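Counting begins at 1 with the first residue of the sequence. If you're wondering where the values come from, they're calculated on a predicted model, not measured in any experiment.
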Amino acid sequence: MKGALVVPSEFAEHSRAHGWEISGLLNWGPAMDWDILQINEDLGGYDVYLTNVSSTETEYIPVIRMAAPDAKIVACFDYGFDIVGDYFLTLERVKRVLSWADRLFSVNRNQLDWLRTILPDRKIAHCPHPVDVEHASAYRRPPEGRDLGVAAMWHQYDNQHVQSLEVLRAVEREIGRPIHKVLVGLKGRHMAERGMRVPTSAVAMTDDGKGGQRPLDPDSGRYTVEAPPGAGWDGVLPYVGVQPWYDSLSRFRAALDLYTVNSIGRFGMDCAAVGVPLAASNMSDSSDVLWPQTRVNPFEPRGAVRVLSRLLTDREFYGQVERIAVGKVAFYNFERSRQRMEEVLR
C-alpha cells in the first residue's frame with residue numbers, strides 16, 4: 001500500500017535535513033515506508049494519507065480528498081485535551097474536520113477518551129507514535145560514561161522549569177552532594193518569540209572551527225539570562241537536531257520530567273531508547289510502559305525527590321530501572337508501530 005504523511009513545512013524540512021527522526025509523528029514515514037509531503041506538493045498517486053489535524057492543518061483533509069478522491073485518509077488529533085482551550089475557542093471546526101477522515105486515531109489514552117466523547121459515532125483507535133529504537137539505541141552508554149549530571153525536560157505546552165530546578169535542589173540536600181542540573185529540549189525560537197527567559201550559569205558550547213568555542217545555539221542569548229552559579233540552572237541544552245539530541249541525552253546520569261499535560265510522553269521514550277533512567281510524569285502514557293518504578297505525580301515534589309535520590313545512590317535500583325525501560329521500549333519500535341497502524345487501516 002503506497003502511503004504519504006502530509007505535514008507542515010517545518011516538519012517536512014526537518015525530516016529532509018536529517019537521516020532519521022526523534023520519537024513522534026515523523027517516524028510514521030520510515031515505519032510505514034511512506035513518503036513525507038507538504039500540502040502544496042503533488043499529492044496524487046497514493047492509496048493512504050496520514051495527517052495530524054492541529055491548528056495549522058485543519059484544511060489538509062479536503063485538499064487531500066480533492067487530489068485523491070479514492071484514497072483512504074487517516075487523521076490524528078495531537079493536542080492533549082487539557083490544553084485545547086488554549087488553542088481553540090471551540091472544537092466545532094475540529095470535529096467537522098475529523099469527520100471527513102476515513103480513520104481516526106489518538107496517540108495517548110486520555111485523548112482517546114476525549115475524542116470518543118466529542119465524536120461518539122466514530123471508531124477511534126489508540127496508536128502511539130513510533131520510536132526509531134534502532135538508531136537511537138546506538139547512542140547508549142555505560143553508566144560510567146554518563147557524565148553530564150541530571151537533565152530536566154522543558155516543554156512547549158507546560159513551562160515547569162522553576163519547579164524542576166527546586167526538585168533537583170531538594171535532591172542535592174537529600175543525597176548530601178551537588179549535582180549538575182541541566183534544562184534540556186528548549187525551543188529557542190519559540191521562547192524568544194514569547195519573551196521567555198531561563199536563568200543559567202552556562203550555555204552549551206561547540207567548536208567554532210578557529211580553535212575557540214561558540215554557543216551551540218547562536219540565539220541562546222535571546223532566551224537565557226546569565227546567572228551566577230547556584231542562582232539558576234548549571235546549563236541549558238536546546239533541541240538542536242536529531243543526532244546531537246540523542247548523543248547529549250545519553251550522557252546524563254538520570255533525567256526528570258514534571259510534565260503536567262496528558263501526553264504520550266515522548267521524552268520518556270527517548271530516555272528509554274538511550275537507557276537513561278527517568279523520574280517520569282505519571283501524566284504521560286509511556287511512564288506506565290517504560291517507567292513503572294519511577295513514575296511520579298508532577299504536582300507533588302517529594303515523590304520526584306525520593307525517586308531521583310534513590311536513582312543517584314542505589315546502583316542496583318538504577319540498573320533495574322534501566323533494564324526495564326530498555327527492554328520495554330520495543331513496544332514503540334517500527335515493527336510494533338507498523339502492526340498497530342495496519343490494524344487502524346483495516
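For CD of Gln293, the number of neighbouring non-hydrogen atoms (other residues, nucleotides, ligands) closer than 6.0 Å is greater than 12. Heavy atoms from other residues, nucleotides or ligands lying under 6.0 Å from CG of Asp314 number more than 12. Remark: Lys328 NZ is loosely packed, at most 12 non-hydrogen atoms of other residues, nucleotides or ligands lying under 6.0 Å away.
Classified by interplanar angle (parallel below 30°, tilted 30° to 60°, perpendicular above 60°), the ring pair Phe81/Trp114 is parallel. Aromatic ring pairs are classed by plane angle as parallel below 30°, tilted from 30° to 60° and perpendicular above 60°; the pair Tyr259 and His155 is parallel.
Using a 4.0 Å cut-off between charged nitrogen and carboxylate oxygen, Arg338 and Glu335 do not count as a salt-bridge pair. Under a 4.0 Å N-O distance rule, the pair Arg16/Glu41 qualifies as a salt bridge. Contact check on Arg346 versus Glu343 returns a salt bridge, with a Lys/Arg side-chain nitrogen under 4.0 Å from an Asp/Glu carboxylate oxygen. Comment: Asp247 engages Arg141 in a salt bridge, judged by a side-chain N to carboxylate O separation of less than 4.0 angstrom.
The closest side-chain donor-acceptor pair between Asp82 and Asn262 falls under 3.5 angstrom. Defined by atom type and a distance below 3.5 Å, a donor-acceptor pair is present between the side-chain atoms of Asp35 and Tyr46. Between Ser23 and Arg266, the side chains place no donor N or O within less than 3.5 Å of an acceptor N or O (distance only, hydrogens not considered). Side-chain contact annotation: Asp158 with Gln160, donor-acceptor N/O pair under 3.5 Å present.
Within the model, atoms CZ of Phe331 and CZ of Arg336 stand 6.0 Å from one another, a figure rounded to the nearest 0.5 Å. Summarising the geometry, atom CG belonging to Leu91 is positioned 5.0 Å from atom CD1 belonging to Ile118; distances are rounded to the nearest 0.5 Å.
At least one test fails for Arg251 against the ring of Tyr139: distance under 6.0 Å to the centre or angle within 45° of the axis.
Looking only at distances, no side-chain donor or acceptor of Asn333 sits under 3.5 Å from a matching main-chain atom of Val133. Looking at Asp285, its side chain never comes within 3.5 Å of a backbone N or O of Ile264 through a donor-acceptor pair. A donor-acceptor pair under 3.5 Å is formed between the side chain of Arg197 and the backbone N or O of Arg222. Side chain of Ser15 to backbone of Phe11: no donor-acceptor contact under 3.5 angstrom is found.
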Salt bridge (charged side-chain N to carboxylate O under 4.0 Å, His left out) between Glu59 and Arg93: does it pass, once the steps are laid out? CA-CA 10 Å; Glu59 302 296 334; Arg93 173 65 177 167; 2.6 Å; yes

Please lay out, stage by stage, how Tyr246 and His135 fare under the test side-chain contact (heavy atoms from CB on, under 4.5 Å). CA-CA 9 Å; Tyr246 284 108; His135 279 101; over 6 Å; no

One pair to check against salt bridge (charged side-chain N to carboxylate O under 4.0 Å, His left out): Arg65 and Asp102. What are the steps and the verdict? CA-CA 11 Å; Arg65 186 71 77 195; Asp102 299 298; 3.3 Å; yes

Working note: Tyr223 + Asp217, criterion side chain to side chain donor-acceptor pair (under 3.5 Å); need CA distance, chi angles, decisive distance, verdict. CA-CA 11 Å; Tyr223 56 86; Asp217 181 358; 2.6 Å; yes

Candidate pair Ser281 and Thr260, rule side-chain contact (heavy atoms from CB on, under 4.5 Å), full reasoning: CA-CA 7 Å; Ser281 169; Thr260 64; over 6 Å; no

